[in-house]
Amino acid sequence: MVVRLGSLSSAVGLRTRTDAPYAELDLGRIVGVLWQFLQRHREHLWIASILLVAGLAHGINMYNLPYFENDEGTYMSQAWSVLAQGQLAPYTYWYDHAPLGWIQIAGWTFITGGITSFGPSIYSGRVLMLLMQIGSTLMVYAITRRVSGSIFAASFAALAFCLSAWGTYYHRRILLDNIATFWMLLSIVLLLSPRLTLRKVWLSATALAVSVLSKELTIFLVPVLAYLVFNRSHPGQRAFAVATWSAIVVNIISLYALMAILKGELLPAGTLWFENSHPHTSLLGALQYQGARGKDGGILNGKSAFWEFMYHWVRSDPLLVVGGLVASALSILRWRWNRLVAIMGLVTVSLVAFLGRSGEVLGFYLVPLLPIFAINIGISLAFIVACLRRAAVFMAPRRRLFQSVVALSASGVLALLGVPGVLAGYHSTELSFASNPLQLWTSVQAQAQVQAIDWVRTHLQPNKCVIVDDFMWTDLVDGFNNAPKFTCLHWYWKVDRDKAIEGPVFHDRWQTVDYIVATEQLVGDTKLQRRNLTVVYAALLHSVVIKHFDTGGWPIDILKVDKGPKPIAAFVTAGTPAHGRPALSPATQNSVTNWHPSATGPSSTGFGSSMPQALALARSQLAIADQQTAGSAGYKPADAAVPPKAEIKPADSAMPPRVGLHSSQSSKHSK
């Protein structure tokens with residue numbers, strides 16, 4: 001077949017007839033050129049298709065599921081504060097985490113035109129998480145490909161990682177763990193470069209330091225990656241490479257301590273006689289508090305939070321968790337024959353050591369382990385296929401077709417065996433997906449929160465004092481797009497726990513509160529910390545619902561505080577308000593469960609069968625506990641006062657410690 005195409009022929013570099021207005025072009029030749037292009041770039045095109053799958057699996061419906069979690073709002077408000085206020089947080093910054101994670105979010109919002117350029121502020125952060133997920137998938141492929149040499153192994157690892165139901169649920173959230181994981185993988189990728197130069201070594205050190213300053217848990221990888229530098233460096237440069245890599249990591253991380261020193265907040269108040277003894281936050285005090293949280297024996301105690309969460313993780317993602325642990329053990333056993341493979345197994349051990357350290361463990365702490373599990377699974381599968389191929393070579397040394405068939409068959413069988421492991425996550429009761437395996441892409445759970453933001457902005461006066469969950473704080477305080485700017489709207493944890501707020505703003509009196517935007521998390525935390533969130537606690541007991549939102553699993557109640565002397569929510573049983581007045585919406589009253597303040601998922605452990613809500617039962621238990629305590633010595637009834645604040649022991653609670661402004665700080669507050 002012959003067609004006449006002038007410009008096309010010149011574009012593909014074919015000869016044309018100069019004596020004719022059109023060139024005669026053979027389509028067979030075009031097909032040949034395209035085939036050569038595909039042959040040269042087939043792996044790149046394959047990688048692009050994997051990244052497309054990762055982007056679609058993560059990006060479709062990411063605004064609607066999961067619900068907007070408290071921490072997401074906290075990090076977005078802190079990113080907003082970096083740009084709008086020039087501070088690390090809008091409330092008192094108490095060194096709960098190093099600030100580089102939300103500084104990166106702030107940079108992202110700056111280059112994309114503002115924190116609400118995609119809609120509500122959390123939308124912007126979730127777009128950044130999407131980009132980091134795609135980048136992490138690419139690096140999982142690259143690491144597995146480099147260590148195993150197998151396209152099949154790299155593809156399996158990348159797809160298992162990006163299609164994990166549990167992973168997708170948490171990767172969509174604005175978590176410091178997701179940011180730290182991205183930089184951790186980049187550090188490893190740089191060290192696995194085919195030609196490792198000192199520049200790449202130093203860039204790897206910088207990437208790991210950024211990871212640590214985004215979320216401190218990856219500091220456990222420093223010894224293992226230092227050995228990777230030693231293993232991969234040229235023998236003549238090993239000592240220098242390890243020394244400079246370590247120096248860069250330590251020096252960048254030490255900037256965090258330097259910041260605290262320059263602010264006079266390294267040591268707790270009164271530690272040194274010459275230091276300002278005015279109460280202030282401190283880096284070492286925060287580290288001491290964080291280190292004391294959740295002490296329970298760790299990996300050595302069969303009833304610890306580590307093993308409790310491990311049970312849920314195994315049920316939520318059996319392929320990556322069980323397969324990853326087994327594959328990591330196999331990788332370490334290959335130490336004598338392949339040090340690079342063994343190091344990947346040691347990376348798993350380092351991160352598991354963090355989880356089993358006898359400290360606080362939360363559901364999303366598994367995030368950095370997921371890509372490492374996937375990498376080790378891919379490496380082990382490549383080893384199994386290689387062993388089968390060697391067996392085929394031994395049985396039929398001159399039959400290459402037979403050898404190829406064995407290798408391809410083994411790869412196909414192993415890939416098919418992984419499918420049930422992936423699908424198990426989409427039917428997991430732990431993630432509430434059993435009733436609808438497609439919930440990740442069909443649920444509109446978070447739309448209730450978007451509706452609540454719009455309703456508050458439209459119906460409440462900006463000068464009213466409102467207590468909120470942090471997911472909506474940024475959208476209502478800044479006044480984007482000429483929206484009203486709320487001047488007395490505060491996150492519930494800060495109402496009683498930040499001295500710059502509880503005294504000057506609320507005067508330690510619940511009567512100063514006008515409205516509460518109640519979520520399961522707000523009411524559940526107040527239930528467990530009622531002696532320390534006393535203003536929030538009393539305001540809840542004196543409130544009635546004026547608006548209810550629920551689009552599928554995370555309802556929002558707008559409560560108006562009744563300034564009358566008697567509590568409205570003095571329940572005898574759940575859903576039975578005293579005085580014959582309504583307390584909670586019927587939909588909320590029918591939802592009954594328990595809550596834990598450290599939960600980040602649907603139930604007390606971060607998981608649940610249907611994500612039922614705790615508002616009705618929590619408020620009834622607040623009132624019942626109030627009545628039970630009424631007979632104890634020194635207690636004042638709720639209609640006259642609230643229970644006295646108890647001393648917080650860090651090991652007993654996941655709540656942030658009470659903090660106050662340093663005397664040198666301005667009246668603006670940082671969280």
Side-chain angles (χ1 to χ4, degrees), residues 38-55 57 132-164 167 181-197 200-201 203-204 207 221 224-225 228-229 231-233 319-320 323-324 327-328 330-332 334 337-348 368-390 404 407-408 410-415 417-418 422:
L38 293 175
Q39 285 290 98
R40 289 195 302 269
H41 301 283
R42 60 183 181 275
E43 187 173 3
H44 296 108
L45 295 172
W46 175 242
I47 293 172
S49 66
I50 292 176
L51 298 183
L52 178 62
V53 171
M132 287 192 163
Q133 170 71 353
I134 294 173
S136 296
T137 303
L138 175 61
M139 289 186 283
V140 167
Y141 183 96
I143 293 170
T144 311
R145 180 80 166 89
R146 177 68 184 87
V147 176
S148 68
S150 168
I151 294 177
F152 160 71
S155 303
F156 188 98
L159 289 171
F161 170 70
C162 72
L163 293 178
S164 164
T181 299
F182 173 86
W183 291 102
M184 172 194 76
L185 293 172
L186 180 59
S187 179
I188 297 173
V189 164
L190 289 167
L191 292 179
L192 294 177
S193 300
R195 183 175 176 272
L196 185 63
T197 63
K200 292 178 181 178
V201 169
L203 288 174
S204 168
L221 293 180
V224 176
L225 295 192
L228 180 58
V229 175
N231 179 266
R232 293 279 293 122
S233 298
L319 174 64
L320 287 183
S328 297
L330 293 176
S331 296
I332 295 173
R334 295 172 62 188
W337 299 276
N338 194 324
R339 293 289 172 88
L340 199 57
V341 169
I343 290 172
M344 292 300 104
L346 290 177
V347 171
T348 300
L369 267 166
L370 288 181
I372 305 302
F373 282 157
I375 290 167
N376 279 282
I377 290 172
I379 292 171
S380 295
L381 292 182
F383 178 70
I384 292 172
V385 172
C387 289
L388 292 174
R389 190 181 186 100
R390 291 192 191 99
S404 299
L408 289 173
S411 300
V413 170
L414 292 172
L417 289 176
V422 173

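Computed over heavy atoms, backbone and side chain alike; hydrogens, waters and symmetry mates excluded.
In this structure, Phe182 and Met139 have side chains that are in contact, with non-hydrogen atoms separated by less than 4.5 Å. Contact annotation: the side chain of Phe383 never approaches that of Leu330 to less than 4.5 Å [non-hydrogen atoms, C-beta and beyond]. Two residues are said to be in side-chain contact when any heavy atoms from C-beta on lie closer than 4.5 Å; Leu191 and Lys200 fail this criterion. By the 4.5 Å heavy-atom criterion applied to side chains, Val201 and Arg232 are not counted as neighbours. Considering only heavy atoms from C-beta on, Pro371 stays 4.5 Å or farther from Ser136 through its side chain. For the pair Leu340 and Leu192, the minimum side-chain heavy-atom distance is below 4.5 Å. In this structure the side chain of Ser331 never reaches within 4.5 angstrom of the side chain of Arg334, judged on heavy atoms. Here the side chains of Ile188 and Met344 are in contact, with some heavy-atom distance below 4.5 Å.
Ile332 pairs with exactly one of Leu346, Val341, Ile343 by the side-chain contact (heavy atoms from CB on, under 4.5 Å) rule, that one being Leu346.
Atom OG1 of Thr137 is separated from atom CG of Leu159 by 9.0 Å, given to the nearest 0.5 angstrom. Leu369 CG to Thr181 OG1: the interatomic distance, rounded to the nearest 0.5 Å, is 9.0 Å. One finds the CG atom of Leu186 at 10.5 Å from the CG atom of Leu138 (value rounded to the nearest 0.5 Å). Atom CZ of residue Arg390 and atom CG of residue Leu388 lie 10.0 Å apart, to the nearest 0.5 angstrom. Rounding to the nearest 0.5 angstrom, the gap separating the CG atom in Leu414 from the CZ atom in Phe152 is 5.0 Å. Note that the OH atom of Tyr141 and the CD1 atom of Ile50 stand 5.5 Å from one another [nearest 0.5 Å].
For the side-chain hydrogen bond (donor to acceptor under 3.5 Å, both in side chains) condition, the pairs that include at least one residue of residues 148-164, sequence neighbours left out, are Trp46-Ser155, Ser164-Asp317. Among residues at least two apart or in separate chains, side-chain hydrogen bond (donor to acceptor under 3.5 Å, both in side chains) pairs with a member in residues 339-348 are Tyr227-Arg339, Ser328-Thr348, Thr348-Asn376.
With Ser187 contributing its side chain and Trp183 its backbone, the two residues share no donor-acceptor pair below 3.5 Å. Between the side chain of Ser193 and the backbone N or O of Leu190, at least one donor-acceptor pair lies under 3.5 Å.
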Residues Leu381, Ile377; criterion side chain to side chain contact (heavy atoms under 4.5 Å, CB included); working and verdict = CA-CA 6 Å; Leu381 292 182; Ile377 290 172; 4.1 Å; yes
